[in-house]
Each structure stands twice: as structure tokens, then as C-alpha cells.
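If you're wondering where the values come from, they're calculated on a predicted model, not measured in any experiment.
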Amino acid sequence: MIWLAVSDVHNAQTKLQRLIEQETLAQGLLFAGDGLTSALKYKDNFNEFYAVPGNCDFAFGEQHEKLILYHGKRIFLCHGHRYRVKYEMLSLLYRCKEQEADICVFGHTHSPMVNWKDGILFVNPGALLNGSYAIIEQKEDGYINATIKQLRR
């Protein structure tokens, strides 16, 4: 599975459309909030689609976090603001451990990062508003890897 991880679109829908047109191998979308209305428009473009609202996505009844089970891996998806990720990662780490997550996708900081901590792959795709996103490769043999990328012009 090739996952497209996106966050913080902030209604820059044209960038999201360009990204989907460019990343044709992506089979799934993990959307980590802020621009949920834009993301939902592309739900039918993917075999797997999961999204959570961010702190700028008002009046949505969506769950603020989701635990996705996909081919033996547990993916924890949230925006991150409820775990104060702009200031520290410990609260998010503890929540991921509670959920027995293998992968955590979050946003909010607008700062892209890929980091392994205590056996959990943490992926913040950064802000698509600024052209940043991530590709997560998940193979059936259990291999997982993530790469931060920039939207081509």
C-alpha cells in the first residue's frame, strides 16, 4: 500500500488537486486535519480514505482521532493539537502506546518530520499549504517507511 499523508491544506484545494494528480501510485489517503472539506471531495479517488478534523475545521461531527487497522499494522491518525504537539511529543507518544500504534500520522505544526520513537513511526507531513506532504509505504511483509516530499510546480 502506498499511503498519501496530508495535513494543513487550509482550503488550498488547488494544491490538493495537483498533488492527487501527481501521486498516481497512492492507493490510500490519510488526512490529518485543517482543510477537511477539501479532502472529502477526493474520497472516491482512493481505495482507502481516512480523515480527521483539525483545530481549524469547525462544525464537523467527525472523530478527532482514528485507529486504522490495515494489513496487521495499527495507524493512529490525529491532527495533534489536542496533544500539544507544537510544544512536546510526549503526550502523543503515550496515546500511541495506549493504542498500540505502529504508525502515527499527525499535523498541526506545519513542520514536516519522520521519526521512529519506541518502535512507532511518527509522520508529520507538514502543511500542504506550503507544498509539503508524505508518502508512507506499507508492504505486506510488515515493512513500513515514510518520505517527506514537496509538491512539484
Contact summary for [X] and [Y], nearest pair of heavy atoms:
X	Y	result
Ser7	Gly33	OG-O, 3.5 Å
Glu23	Leu4	CG-CD1, 4.1 Å
Val52	Leu77	CG1-O, 3.8 Å
Gly126	Asn124	N-OD1, 2.8 Å
Cys56	Asp34	N-OD1, 2.7 Å
Val123	Ala134	CG1-CB, 3.7 Å

Approximate separation, where rounding is to 0.5 Å, of [X] [atom1] and [Y] [atom2]:
X	Y	atom1	atom2	answer
Tyr42	Leu29	OH	CG	11.0 Å
Asp44	Phe49	CG	CZ	9.0 Å
Lys43	Tyr50	NZ	OH	10.0 Å
Phe76	Leu121	CZ	CG	14.5 Å

Item to check | Residue pairs, two or more places apart or on separate chains, that pass ring-ring contact (aromatic ring centres under 6.0 Å, His included) and touch residues 109-134 | outcome: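 Found His10-His110.
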If you look only at distance, which donor and acceptor atoms sit under 3.5 Å apart when one is on a side chain in residues 92-107 and the other is two or more places apart or in another chain?
from: Arg95; atom 1: NE; to: Glu65; atom 2: OE2; distance (Å): 2.9
from: Arg95; atom 1: NE; to: Tyr83; atom 2: OH; distance (Å): 3.3
from: Arg95; atom 1: NH1; to: Glu98; atom 2: OE1; distance (Å): 3.0
from: Arg95; atom 1: NH2; to: Glu65; atom 2: OE2; distance (Å): 2.4
from: Lys97; atom 1: NZ; to: Asp118; atom 2: OD2; distance (Å): 2.7
from: Asp102; atom 1: OD2; to: Arg74; atom 2: N; distance (Å): 2.8

Checklist outcome for this item: Those residues at least two apart in sequence (or on a different chain) that pass salt bridge (charged side-chain N to carboxylate O under 4.0 Å, His left out) with Lys117 are none
Item to check | Residues which pass salt bridge (charged side-chain N to carboxylate O under 4.0 Å, His left out) with Lys15, listed by chain and number, not counting sequence neighbours | outcome: none
Checklist entry - Can any side-chain N or O of Thr109 pair as donor or acceptor with the backbone N or O of Lys86 at less than 3.5 Å? => result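 Side chain of Thr109 to backbone of Lys86, a donor-acceptor pair under 3.5 Å: no, none is there.
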Checklist entry - Looking only at atom types and distance, does a side-chain atom of Arg18 sit under 3.5 Å from a main-chain N or O of Arg152, one as donor and one as acceptor? => result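 Between the backbone of Arg152 and the side chain of Arg18 there is a qualifying donor-acceptor contact (under 3.5 Å).
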Would a 4.5 Å heavy-atom cut-off, applied to side chains only, mark [X] and [Y] as touching?
X	Y	value
Leu19	Leu151	yes
Pro53	His64	yes
Thr37	Asp57	no

Checklist entry - Going hydrophobic residue to hydrophobic residue with side-chain gaps under 4.5 angstrom, can you get from Leu36 over to Ile75? => result no
Checklist entry - With hydrophobic residues grouped by side-chain heavy-atom distances under 4.5 Å, do Ile20 and Val6 end up in a single group? => result yes
Checklist entry - Under 6.0 Å from the CG atom of Leu69, do we count more than 12 heavy atoms belonging to anything else shown? => result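 For Leu69, atom CG is crowded (more than 12 foreign heavy atoms under 6.0 Å).
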Checklist outcome for this item: Applying ring pair (Phe, Tyr, Trp, His ring centres under 6.0 Å) to His81 and not counting sequence neighbours gives His79, His108
For residues 135-145, run the donor-acceptor check on the side chains, cut-off 3.5 Å, and write out each pair with its distance to 0.1 Å, sequence neighbours left out.
from: Gln138; atom 1: OE1; to: Trp3; atom 2: NE1; distance (Å): 2.9
from: Gln138; atom 1: NE2; to: Tyr70; atom 2: O; distance (Å): 2.7
from: Asp141; atom 1: OD1; to: Tyr143; atom 2: N; distance (Å): 3.0

